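Before any comments, here is the structure.
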Amino acid sequence: MKCHRPRVGPGRPFSSCWRPVPAAWRARAGEMLQEESDLSLLIAQIVQKLKGSNLYAQLERQAWASLQRPEIRLESLKEDIKEFFKISGWEKKLQNAVYSELNVYPLPSHPAAPPEHLKEPLVYMRKAQGSWEKRILKSLNSMCTELSIPLARKRPVGQQKELLNKWNEMGTDEPDLSLFRPVYAPKDFLEVLINLRNPNYENGDSLSFRTHLGLIQVPLKVKDIPELKECFVELGLNIGQLGIDDSTQVPPEFFENEHVRIGQKVLAEQDSAAAQQYIRQGSPTALRAELWALILNISSQPEDLLYYEQLKTNVIQHDLLVDSLIYKDVKLTASNDDYYFVFEDYLYQVLLCFSRDTSVLGHFAYNSASPPKSYIRGKLGLEEYAVFYPPNGVIPFHGFSMYVAPLCFLYHEPYKLYQTFREMYVRFFFRLHSISSHPSGIVSLCLLFETLLQTYLPQLFYHLREIGAQPLRISFKWMVRAFSGYLATDQLLLLWDRILGYNSLEVLAVLAAAVFAFRAVNLMEVTSLAAAEAVLADLSTLKVMPLLQIFLFATVT
Amino acid sequence: MAGKVKWVTDIEKSVLINNFEKRGWVQVTESEDWNFYWMSVQTIRNVFSVETGYRLSDDQIVNHFPNHYELTRKDLMVKNIKRYRKELEKEGSPLAEKDENGKYLYLARGLYLSDFVPVTYMLPADYNLFVEEFRKSPSSTWIMKPCGKAQGKGIFLINKLSQIKKWSRDSKTSSFVSQSTKEAYVISLYINNPLLIGGRKFDLRLYVLVSTYRPLRCYMYKLGFCRFCTVKYTPSTSELDNMFVHLTNVAIQKHGEDYNHIHGGKWTVSNLRLYLESTRGREVTSKLFDEIHWIIVQSLKAVAPVMNNDKHCFECYGYDIIIDDKLKPWLIEVNASPSLTSSTANDRILKYNLINDTLNIAVPNGEIPDCKWNKAPPKEVLGNYEILGRTTDPSLDH
């Protein structure tokens, strides 16, 4: 047994008693050292990120200003300023910012990992995403060439004035969009996902009970119901929920009143982490706008309004091809929607600005996708003349505007609406249309959905497969849109409460499976894909929370 | 042995006829023995008129009160409400009654009924009174509505006295008397600060069923809807003539360029409630809806004393309400014959269910009616109707 010299300095204050250190202790010490260095790496990363933020500048200003205060003494400067920050609420703001970073940025896997690993650790996924992007860009470029419309052009002054005048009603007087078509639709994307294969995985040709019968054929780890129950413990049968325990038959004293009171308290404390925990049981309608802003760490400062106005100016001055795509998408989807048609004009105001917002490029650090590059005319291939197109790197697809539409029920000032949407996008929605192995990525969600169905409703799954109605073909569009446009708005908002609360999109896959479970009896009787689609065509009467709760906590496992 | 109910209608709408047929009722003509007649307002005039009218027997029910126009004609509604208000103020107002805890039992603010109908005058009769009022705030906009028309016909906005010269001239001539009922207009202060959603003006259409006026038994349909204008609202005087900006009637909006046949520019009242609660908070939203209920009840109480409470009658009214940007509701008018045309698929379902629930209350058990019944239906048949007024006015007997 090897003896270790304890490292306590040059001398040896201890006696000559050498004690051997057991291997298990050594391993644990090693772990802790690693965790510590992981933690310090993480801290360093967050500090680095926050240093460039507005909050940092504000804190600095506040610290300088606090020197005037009588309670700040030179001898104990650091402690006094810290105390001041605590009392004045600035520490809380910093806490919220750190918490936000923790939620958004994945933990670094290894200090030596290259940046691509942060985007997506698996090579084959990266490759698949790359080819998908090439296809989209090709489609966009060919539309451009066919219609002889430039990707971008500066608007003549007359047109600029006109657009400024009708900024609040861009929905009227639409241009001729008949020649435009969406760059892709969810079903095109589904085909790509169906063809994803891991070249390192060989599952053999023989069918067994382990064979996955669904469309997704990549071996990602997904949770089963016991694991989901642990994860979504607050949705349990014994715990009050908005969406269930606030129905008219339940007296509000049982749950609702107290829950509202707690919500008001959380808002008064302005604590992001507490808000995120609270909202797992649903948000009262009147508090939702503020709670979401708190969780997403959005505080509407004058700088934010200015930033939005700047984006608006960019829209006025330059016309992008994607603008027509956005226009077309809104006209095809939200304008025809019973709930969202009222907000049509807001959607243009948000989405057109969104496509000019270069701060969105930041999210590509942890998104498996990369922003498309374009070159100034005539300078193809020359890196100095490369620009991201569109400026925010996100090409909208058919149904994209439905990510924004439900938010219009919460915020009626365009810049607040804008901020919330942007934050929701860079935290959640981007995962629904990029190929990655992330547990909240669309690939994992599809696999989770199919696995839940196959494991817990095998008869239904088998039947649907037999009649050529693979369940994912029906549920895919729900998940890609996070159910927007399929559920009634109040139900959708309750669902998105949980997305925020758990910082995960897995609840979308669980709900999709729960919907199939709910309509199982009817689905067992259909004999074609079209008939199955018909059974599941109208989700507008569904109550989301009972479905989730029953599926997770009342299904025999 | 109860026979089948025999029905007649002079309004050829599928939402009606499907409901009759689903109950197994038998269609007959007007000249035969009928039990149930869903009639237009012209026909009810004939039935109860002095010259052409006839007595209804105990097993006959009609869907209008004989003098419904006390509520549904714009000028008479205003007159009745004004009279009602004066009576309350004179009596020292039972509305000032308080309960054991010292709280006001009713929603009236203080002793005075707050206005829930915009300032209105009859033309040409009140022309001079109107001019006086107009001169007090000369930059205001007023809306001219013909008394006897519907669907937004003949309505226009004015902001200058010269635009209604016609009615002042008429008041000076002696020959106006014989024409006055045809050309009678009401002029109301235009609510130029309506609550806008998505930048657009909208109004509320709510259905209210009255089975008897004395005692007053009324029910409000929970599934009302909002009607949006297709064009962005602007109070600018240059757009006063643009009816697509100002008038929410579907009959007008559906001719607009941007009219959409899928949603028909309609929102459910529950959408409105969700939006208001999310953006304005729960208390003010609840207060708004309570006020709306209160307005409806007050308008019915106002006409109850003058209404011919014929036991053969019930009526389903279409209430039009506008909400201003201070979240105050205003009663614009009451329709005796709310449109049963469906502009969208959802609309058809809503109106079908509306008639269904109405018939369940008005014709109990779908059997041959006996108009001497107590008109107190059990809770189970209410469907989407809710009893109106119990919390706001205990004097209502349900």
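Naming convention: chains lettered A, B, ... in sequence-line order (proteins, then strands); numbering from 1 in each chain. Since the model is a prediction, treat every value here as computed from it, not as a measurement. What's counted below: heavy atoms across the whole structure, side chains too, no hydrogens, waters or symmetry copies.
Taking OG1 of B/Thr279 as the start and CD of A/Glu413 as the end, the distance is 10.5 Å to the nearest 0.5 Å. Here A/Leu287 contributes atom CG and B/Ser278 contributes atom OG; the two are 10.0 Å apart, rounded to the nearest 0.5 Å. Here the CD atom belonging to A/Glu169 is positioned 9.5 Å from the CZ atom belonging to B/Arg200, to the nearest 0.5 angstrom.
With a 4.5 Å cut-off on side-chain heavy atoms, B/Leu274 and A/Thr285 count as touching.
Counting heavy-atom pairs closer than 4.5 Å to chain B, the top-ranked of the candidates A/Ala289, A/Ala286, A/Pro284 is A/Ala286. Taking A/Ser283, A/Ser335, A/Cys408 one by one and counting their heavy-atom pairs under 4.5 Å with chain B, the maximum is reached by A/Ser335. Of the listed residues B/Leu276, B/Ile197, B/Thr344, B/Thr285, the one with more heavy-atom pairs under 4.5 angstrom with chain A than any other is B/Ile197.
In this structure, B/Arg282 places its CZ atom where only 12 or fewer heavy-atom neighbours from other residues, nucleotides or ligands lie under 6.0 Å away. Counted within 6.0 Å of CZ on B/Phe289, heavy atoms from surrounding residues, nucleotides or ligands total more than 12; the atom is thus considered enclosed.
Residues B/Gly265 and A/Phe341 approach most closely at C-CZ, 3.4 Å, considering heavy atoms.
Of the residues listed (A/Tyr411, A/Tyr340, A/Phe343), the one engaging B/Tyr275 in a ring-ring contact (aromatic ring centres under 6.0 Å, His included) is A/Phe343, and it is the only one.
If you measure heavy-atom distances from A/Tyr346 to chain B, the contacts under 4.5 Å come from the side chain alone.
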